[in-house]
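Residue numbers start from 1 in every chain, and the chains themselves are labelled A, B, ... in the order their sequence lines are given, proteins ahead of strands.
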There are 2 protein chains.
Amino acid sequence: MQISSRFTIAIHIFCCIDTFKNEKITSEFLASSVQVNPVIIRKILGQLKKAGLVQVHRGSGGAEISKPLDKITFLDIYKAVECVESKGLFHFHENPNPTCPVGRNMHSILDERLEHIQQVMEDELASMTLADVKKDLDKILGNDRT
Amino acid sequence: MQISSRFTIAIHIFCCIDTFKNEKITSEFLASSVQVNPVIIRKILGQLKKAGLVQVHRGSGGAEISKPLDKITFLDIYKAVECVESKGLFHFHENPNPTCPVGRNMHSILDERLEHIQQVMEDELASMTLADVKKDLDKILGNDRT
DNA sequence: TCGTGTTGTAATATCAATGATTACATTTTT
DNA sequence: AAAAATGTAATCATTGATATTACAACACGA
């Protein structure tokens, strides 16, 4: 299975908030840039808020980013929006036969390797920050004035 | 979302076939070690066969591994059983608004980075072979005689 | 060649997660 | 009080995973 589009939508949201920081960023506005339902945006904003990455203003509306962009990594965002993340990247078949010498040892053979693969992926996610993507975006926007 | 248990089941299957290579390995036998339905085993064996990793004998029954264990990597198995793999690890929201300067550029900003993360994970999968896990299993079985 | 055991596969069913949508209570500001 | 937003619950459709039943196709031994 694929990692939920909540992840790329969240990055999109951050880019919008930072790019249009002079305007009021409502879920309606974000929904129109991402082209999804505003409720999806609100749910994701809620997860990002819970993770301490954004502040959302109830009633008056608007969202802001809580930290400098270079202090927010892809891993922070991934962990904020991937709800099942606690179960790990790999889905293990849970009940191998304990009376089979192979079945009863599958976990001890595989767990460490699978965790290592997950760790490598998360290290990679941790190495990328929103500042990196914003820099690329600004470069493009310089040549792409509307 | 998580990577399907087909992946760990497939590794389990290889371990069984190799460990019990003196016996006839039927889908029934494998199903009892993994503790899933035999049809699930047959489907996975079908995928592994299509990838050229095993041979399955129709009618008479039995399965064999097609290559030396150190020539079969986790990545080979992952690609064989992860049907959606062609779509990539990350699910992109497909229709960002082309009239928004941020929306219209999300793909060019993110694609390369997401592909890189996926590549790093696949490289890691490619670095592990069935020979590695079989070695660990044999070590355990030496101390775990039944 | 007939019977038995096995694989390949279709058809269904259940369950969980995603994403879309409607509705509305709550909150803030004017 | 009215207007504009957010937070959230409730539903729904769709998709993928896994389980299960059923059966045709196949291989081999008696």
Which Ile, Leu, Val, Met, Phe, Trp or Tyr residues join B:V39 in one cluster when any pair of side-chain heavy atoms under 4.5 Å counts as a link?
none
Sorted by chain and residue number, the ring-ring contact (aromatic ring centres under 6.0 Å, His included) partners of A:H107 (sequence neighbours excluded) come out as A:F92
The criterion is ring-ring contact (aromatic ring centres under 6.0 Å, His included); which residues satisfy it with B:H91, sequence neighbours excluded?
none
Write out a two-atom table: protein N or O, nucleotide N or O from nucleotides 8-13 of chain C, distance below 3.5 Å.
unit_1, atom_1, unit_2, atom_2, d
C:dG8, OP1, B:K49, NZ, 2.6
C:dG8, N7, B:R42, NH1, 3.4
C:dG8, O6, B:R42, NH1, 2.9
C:dT9, O4, B:R42, NH1, 3.4

Residues 48-58 of chain A, side-chain donor-acceptor partners within the protein, below 3.5 Å, at least two apart:
unit_1, atom_1, unit_2, atom_2, d
A:H57, NE2, A:E64, OE2, 2.8

Partner set under side-chain hydrogen bond (donor to acceptor under 3.5 Å, both in side chains) for A:T73, not counting sequence neighbours
A:D76
Run the ring-ring contact (aromatic ring centres under 6.0 Å, His included) test against A:F14 and tell me which residues pass, sequence neighbours left out.
none
Tell me every residue that passes side-chain hydrogen bond (donor to acceptor under 3.5 Å, both in side chains) with B:K134, counting only those two or more places apart in sequence or in another chain.
B:D18, B:D138
At a heavy-atom distance below 4.0 Å, what parts of residues 21-35 of chain B sit against DNA chain D?
none
List in chain and number order the residues that pass ring-ring contact (aromatic ring centres under 6.0 Å, His included) with A:F74, two or more places apart in sequence or in another chain; answer none if no residue qualifies.
A:F7
Consecutive-pair stems (at least three Watson-Crick or G-U pairs, under 3.5 Å) that include DNA chain D
C:1-30 with D:1-30
B:D132: which residues meet the side-chain contact (heavy atoms from CB on, under 4.5 Å) condition with it, sequence neighbours left out?
A:R113, B:M128, B:T129
